[in-house]
Amino acid sequence: MNQDRDKRILEERLERCRQLAKEFPTGPTAAHIREIEAALLDDLRALASDEPQS
């Protein structure tokens with residue numbers, strides 16, 4: 001697994017979620033976007049905790 005690549009992909013997806021959140025600030029779509037954003041943040045945190053410390 002390439003952690004740099006995975007991190008970049010997750011960050012790109014997170015940015016897209018945030019763009020969509022601006023377009024859909026309320027309603028069921030907004031709720032789903034927030035759920036996806038939270039999951040992506042969890043994935044980024046998990047990836048960061050797996051990185052070796054310098």
Side chains of Lys22 and Gln19: does their closest heavy-atom pair fall under 4.5 Å? no

Separation of Gln3 CD from Leu47 CG (nearest 0.5 Å): 5.0 Å

Euclidean distance, Thr29 OG1 relative to Arg34 CZ, rounded to 0.5 Å: 10.5 Å

Assess whether a salt bridge exists between Asp4 and Lys7, defined as any Lys/Arg side-chain N lying under 4.0 Å from an Asp/Glu carboxylate O. no

From CG (Leu14) to CG (Asp43), nearest 0.5 Å: 10.5 Å

Cluster membership besides Ile33, Ile/Leu/Val/Met/Phe/Trp/Tyr side chains within less than 4.5 angstrom, sorted by chain and number, is Leu20, Phe24

For the CZ atom of Arg18 and the CG atom of Leu40, what is their distance to the nearest 0.5 Å? 9.0 Å

Is any side-chain heavy atom of Glu15 less than 4.5 Å from a side-chain heavy atom of Glu11? no

Are Ile9 and Leu44 in one and the same hydrophobic cluster, where Ile, Leu, Val, Met, Phe, Trp and Tyr link if side-chain heavy atoms are under 4.5 Å apart? no

Taking all non-hydrogen atoms of both residues into account, name the closest pair between Cys17 and Glu37 and its distance. SG-N, 4.1 Å

Those residues that, when tested against Arg16, pass salt bridge (charged side-chain N to carboxylate O under 4.0 Å, His left out) (two or more places apart): none

